[in-house]
Amino acid sequence: VSASLALAESLCLSVSLSMSQALSLSLSLSVSLFLSPCLSLSRSRNSSGDFNHFPGDPEFGDIIQRAEQAIEGGVFPERISQGSSGSYFVKDSKGKILGVFKPKSEEPYGHLNPKWTKYFHKLCCPCCFGRGCLIPNQGYLSEVAASLVDTRLGLGVVPKTKAVYLVSETFHYNTIDRAKSRGKKYALEMVPKVGRHFHRVGLPPKLGSFQLFVEGYHEADYWLRRFEAEPLPENIRKQLQSQFERLVILDYVIRNTDRGNDNWLIKYEKPGEGEGEKAIQIAAIDNGLAFPFKHPDEWRAYPFHWACLPQAKVPFSQETRELVLSRLSDMNFVQDLCEDLYELFMADKGFDKTMFERQMSVMRGQILNLSQALKDNKTPIQLVQMPRVVVERRRTGGQGRVVTLGTAFTQTFHCKRPFFSSW
């Protein structure tokens, strides 16, 4: 008790808590301290590194390790001012940007979203905030899933993205978490033999998506305006068209509801300036608002803004058809893709199998439309004008409340339209 009182006084001074709050917090720290031997809690989880393991991708694991070492050395992630949620540039020890980290708890619907303007937006105008067709607080999974789909289809337009744990003082934590961290550090300094039994001394690691940073890219709008004034050579124009078609395929399959010209990037190196084989490349970033469980049918339509570009009026090339059509037409491939996504989404604490199956029903419908458009030699703008389809797995019954999904599918058309069809 005397130790708890001393710790409470220190918390009052260090984090400006009231005496009652500090005493309650210090007592909880003391209880966790004395219970820790009984629960066999190890000391190994004091940093995010104990959660991040990528045996199948050692190169990505090395990048995350460099980021963790930089944070431990005082080079903290920098919050990005744009956007509706908390996202951060993560750097190495030399200050070079390694990637963009988007914590789950700081998403638009997250309880620790640091963007106060979005909080008031949600509070005062809920009908225009968020997207009713998306599952809230799954943006980080959508980012990772978009990278997975990109890899499976061989598109190569999404920078590698995986789910990781990171911890940093610059992330947005609540007062209690910061107070507990400081209290544990104080106990560790004052009574090392006691403090070393804590499960974790620092701030709790945050789960989120980590997307590798791409260098030399600009927003698509910047280059598209330049290309209007200075037309590209024919061979470079074909490269741009090919890359654009890959972006279209990605967005259509995952039904991205947030693709403007400010969240896909273009890298252009004039002939003779670059070392790579491709003079022009596209990077599809900001994929956190995809994989809806139904087609948008409430207030807004969330159209694909690239459909207004001249590139969308050109039929899909033979190169693009050869790249993806055989895979998209193979139901075994589609089913394997759904199973891979299931393994990814089920890791989330809020996973709902029924809602996930609805997400996959929308994706199957998108794949069905896309396959037909490629076979019929249609253009991207004709693709987005096709009737919206949902392909659901049939239920084969079960025992009691357990429902079994079969291998047969039912195709239906989604006819309900949103109030604003072009917004």
With sequence neighbours excluded, what pairs up with Tyr140 under the ring pair (Phe, Tyr, Trp, His ring centres under 6.0 Å) test? none
Residue pairs passing the salt bridge (charged side-chain N to carboxylate O under 4.0 Å, His left out) test with at least one member in residues 308-323, sequence neighbours excluded, are Arg246-Glu319
Does any part of the side chain of Cys133, heavy atoms only, come nearer than 4.5 Å to the side chain of Thr257, both counted from C-beta? yes
Taking side chain as C-beta onward, heavy atoms only, is His218 less than 4.5 Å from Lys267? no
Just so I know, are the side chains of Lys162 and Asp57 near enough to count as touching, which here means a heavy-atom distance under 4.5 Å? yes
Closest heavy-atom pair, Ser142 versus Asn287, reported as atoms and distance to 0.1 Å, is OG-O, 2.6 Å
Got Lys96 and Lys91 here, is their nearest side-chain heavy-atom distance under 4.5 Å? no
Do Arg259 and Leu247 come within less than 4.5 Å of each other through their side chains, counting heavy atoms only? yes
Are any of the side-chain heavy atoms of Gln211 and Lys160 separated by less than 4.5 Å? no
side-chain hydrogen bond (donor to acceptor under 3.5 Å, both in side chains) between Asp251 and Asn256: does it pass, once the steps are laid out? CA-CA 5 Å; Asp251 281 348; Asn256 196 335; 3.3 Å; yes
For Asn261 and Tyr222, does a side-chain donor sit closer than 3.5 Å to a side-chain acceptor? no
With distance as the sole criterion, is a donor-acceptor pair present between the side chains of Thr320 and Glu245 under 3.5 Å? yes
Near-ring test Tyr342/Phe351, centroid separation under 6.0 angstrom: yes
With Tyr88 as partner, the option from Glu106, Lys102, Lys206, His172 fulfilling side chain to side chain donor-acceptor pair (under 3.5 Å) is Glu106
Does Phe171 have its ring centroid less than 6.0 Å away from the ring centroid of Phe101? yes
Ile80: side-chain contact (heavy atoms from CB on, under 4.5 Å) partners, not counting sequence neighbours: Gln82, Ser87, Phe89, Val100
Can you list the residues that meet the side-chain hydrogen bond (donor to acceptor under 3.5 Å, both in side chains) rule with Thr170, with sequence neighbours excluded? Ser168
Partners passing side-chain contact (heavy atoms from CB on, under 4.5 Å) against Gln385 (at least two apart in sequence or in another chain): Ile381
Where do Asn263 and Asp258 come nearest, in terms of heavy atoms and distance? ND2-O, 2.6 Å
Side chains of Val334 and Leu328: does their closest heavy-atom pair fall under 4.5 Å? no
Any idea how Phe291 and Phe345 line up, ring-wise: parallel (<30°), tilted (30 to 60°), or perpendicular (>60°)? perpendicular
Check whether any side-chain heavy atom of Tyr217 sits under 4.5 Å from a side-chain heavy atom of Ile285, and report yes or no. no
Distance-minimising heavy-atom pair for Trp264 and Ala284: CB-CA, 4.5 Å
Are Arg255 and Phe304 in a cation-pi contact, defined as NZ or CZ under 6.0 Å from the six-membered ring centre and within 45° of the axis? yes
Do you know which two heavy atoms are closest between Phe54 and Val164, and how far apart they sit? CZ-CG1, 3.5 Å
Residues forming a salt bridge (charged side-chain N to carboxylate O under 4.0 Å, His left out) with Glu107, sequence neighbours excluded: none
Could you measure the distance from the CD atom of Glu68 to the CG atom of Asn52? Nearest 0.5 Å is fine. 5.0 Å
Could you please spell out the steps behind the salt bridge (charged side-chain N to carboxylate O under 4.0 Å, His left out) verdict for Glu169 and Arg178? CA-CA 9 Å; Glu169 294 180 5; Arg178 292 190 181 274; over 6 Å; no
Residues Gly156 and Asp150: closest non-hydrogen pair is N-OD1, 3.1 Å
Gln243 and Gln239: side chain donor to acceptor below 3.5 Å: no
